[in-house]
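Every chain is numbered from 1 and lettered A, B, ... according to where its sequence line falls, protein lines coming before strand lines.
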Amino acid sequence: APRGRSSNGPVLIRFPGEKMNNLTNQQFAEEYLNRYGYIPAGLLHRDGSSMKHALRKLQRQLALPVTGELDSATIAAMRAPRCGVPDVGQ
Amino acid sequence: FLTFEGELKWKHQNITYRVQNYSPDLPPEVTDDAFARAFALWSSVTPLTFTRLSSGDADILIQFGTKEHGDGYPFDGKDGLLAHAFPPGPGIQGDAHFDDDEFWTLGKGAVIQTRFGNANGAPCHFPFIFEGRSYFSCTAEGRSDGLPWCSTTANYDIDNLYGFCPSELLYTLNGNANGDPCVFPFTFEGRSYTACTTDGRSDGYRWCATTANYDQDKLYGFCPNRDTAVTGGNSQGEPCVFPFTFLNREYSTCTNEGRTDGHLWCATTDNFDRDRKWGFCQDRGYSLFLVAAHEFGHALGLDHSSVREALMFPMYSFTEGPPLHPDDVKGIQYLYGSRTEPDPKPPTSAPLEPDSTTQSNACPTLPPIVKPTGPPTSRPSEPPTAGPTGPPTASPSVLPTGPLDPADDVCGVQIFDAITEIQGQLHVFKNGRYWRIQQGSKGPRAQGPFFIANTWSALPRILDTAFEDPLTKKLFFFSGQQVWVYTGQSVLGPRRLEKLGLDPKVHRITGAIQRNGGKVLLFSQNQFWRLDVKKQKVDRSEPYPVESMFPGVPENPHDVFLYQGKVYFCQEHFFWRLSLHDQVNKVDQVGYVTYDLLHCP
């Protein structure tokens, strides 16, 4: 009979050379919003409203429900394959 | 749609582009064709023309790269960011870059276009049966030289149709050795190498020497990826090794064990636990044609659109439909205006005889098909009789792809490959393109060109003839000794002409006339056979002489077809038209194909 999996479920390993995404969703989102021109890096940590405003702008551009929240649809869209040209500005 | 600040756009209309290097994921001719088709999308709705240069400075420079590739905007490994481009202007402006950590395809998995063999460059058919066993990837079984090959139909044992798969043993990309294959072992910095290597490079591309001693000869090329090559990981381009050991278990196929994202991976040595060498197995990949069409939109001055269905929407989504959305067309025409109909061209002077040169001149945008010089009869047990004629990176010098070329202008074509009536419209085929002739109130009007590969993806570029069965609406296409049968989108073939009961000596079918009762007359030189469409068999392998039924028509016509109830025999630029009567069929008109049938000016 095939050997059962180890008691604590599937073994997950670290694959050498792989870009590990240790970023939290919040950090990943901030990096994305900055990379694609939705929010200048300097403004990021000033206050929550600029993040909310930037998220709304992104959600309008990507035809998502405009909530201003970092919801699952927005995170999924941010992780989807895309063009590297910024959506806003130069 | 959105344009860039300052409405950046090209001030001239004949845009030039140059492909600086190739991805190892695709045969170079497939990459060239994807770029040409992507440009053709934009030239079909604007006055712009796109000319490909093989050297020197071009408006749009196209390159593949990984991570930091020289412009300060690094790529990010597999997935995520696929490509980027710069708005029109001098220098790096207008250039387009593609992330080579992606797996580039035409959106539906690996494109394994074969070379040599006897299948006219047809793609591999997976799985295929060889000596009773099923194969899901190229194999060197049955060969003594290790060259990977595949069947181009489901069953090699029956059809005997095959070709050689992309591999470093067949050709190399770019480099300075004109595409010559690798030589193993080769010496580099005093060390001996028996496989492609990334040593000596920082961009992760695999290369090899094309002589036994690189230190001495300095001749090299980049290795094309095999169909079992992995993407990403720490072994980009290396083939999977099956079986491999992982956590003390043996794996004979790709697995997603050990991962949370479900991606399939494999080891590129026989023991992952020991060597920790791995990569992602091939998935559907990203369509180079679609991503290039998007990036070229940027290179022409379009920014991202917020219309989800538009080509210029920032996120990738695969479609087999026409990629341009009205929003894209409005945007590009806002910058450059709409396409001006090509000026009526006066008939050219004494038409050139179609020969290989004329062919390539007549249709310069589609790169020449790299053909072996030797006879296509080499079989898996024998090595290809000759190397490829042109280096894969070679490309003709100046290749106008604009709408004014014979390649785009149906009236500039001297002799068509095939002519037939489909759904009541005359279709004319030439070198990978086709046009539909629509009967309008002011006489016939040509629609197109369209790409054969976009409509009937299994077909080769050059066709000999085609016909639509009036009862079943099936489409039969003939090229060389092969036949394809399309029923809607699904295709049966390629199959050999012998499957229709024709003698192996019949080299090609040059014409077809549909008759009542589910019969079709198939023509080759000055003979014809009567095909029963339902049985897909000819009633006897003995041919009938053409002049017995069609007196007064030319010997050896290059095309025979039925159109609006009349039969046309074509030779050179002329046609002989007959009305079909029961007793004797009579020629009732002789004319020029382009002037009298297509009504070109």
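Within a 6.0 Å radius of CZ in B:F318, more than 12 heavy atoms belonging to other residues, nucleotides or ligands are found. Atom NE2 of B:H263 has more than 12 neighbouring heavy atoms from other residues, nucleotides or ligands inside a 6.0 Å radius.
Put simply, the side chain of A:Q61 gets close to the backbone of B:S305: a donor and an acceptor are under 3.5 Å apart.
Put simply, CZ on B:R308 and CG on A:L64 are 6.0 Å apart, with the number rounded to the nearest 0.5 Å. Distance CG/B:D303 to CG/A:D87: 7.5 Å, rounded to 0.5 Å. Atoms CZ and CD1, on B:R276 and A:I13 in that order, are 5.5 Å from each other to the nearest 0.5 Å.
Here the two rings, on B:F280 and A:F15, have centers that are 6.0 Å apart or farther.
Scanning both residues, B:N234 and A:G17, for their nearest heavy atoms gives CB-CA, 4.5 Å.
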*Test log, rule side-chain contact (heavy atoms from CB on, under 4.5 Å), inputs B:F86 and A:V85*: CA-CA 8 Å; B:F86 297 84; A:V85 171; over 6 Å; no

*asked:* Set out, in order, the CA-CA distance, both residues' side-chain angles and the distance that settles side-chain contact (heavy atoms from CB on, under 4.5 Å) for B:D79 and A:R79, then state yes or no.
replied: CA-CA 9 Å; B:D79 298 329; A:R79 292 194 184 281; over 6 Å; no

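Remark: A:R82 is not positioned above the aromatic ring of B:Y316, lacking an NZ or CZ atom under 6.0 angstrom from the ring centre and at most 45 degrees off the axis.
Taking chain A as the reference chain and counting heavy-atom pairs below 4.5 Å, the highest number among B:H84, B:E295, B:M315 is found for B:M315. Your options are B:F313, B:Y73, B:Y286, B:F75, and the one with the most heavy-atom pairs under 4.5 Å with chain A is B:F313. Listed options B:S306, B:P314, B:A83, B:G233 were ranked by heavy-atom pairs under 4.5 angstrom with chain A; first place goes to B:P314. Counting heavy-atom pairs closer than 4.5 Å to chain B, the top residue among A:P16, A:A63, A:A77 is A:P16.
Within the 4.5 angstrom heavy-atom criterion, only side-chain atoms of A:Y36, from C-beta onward, approach chain B.
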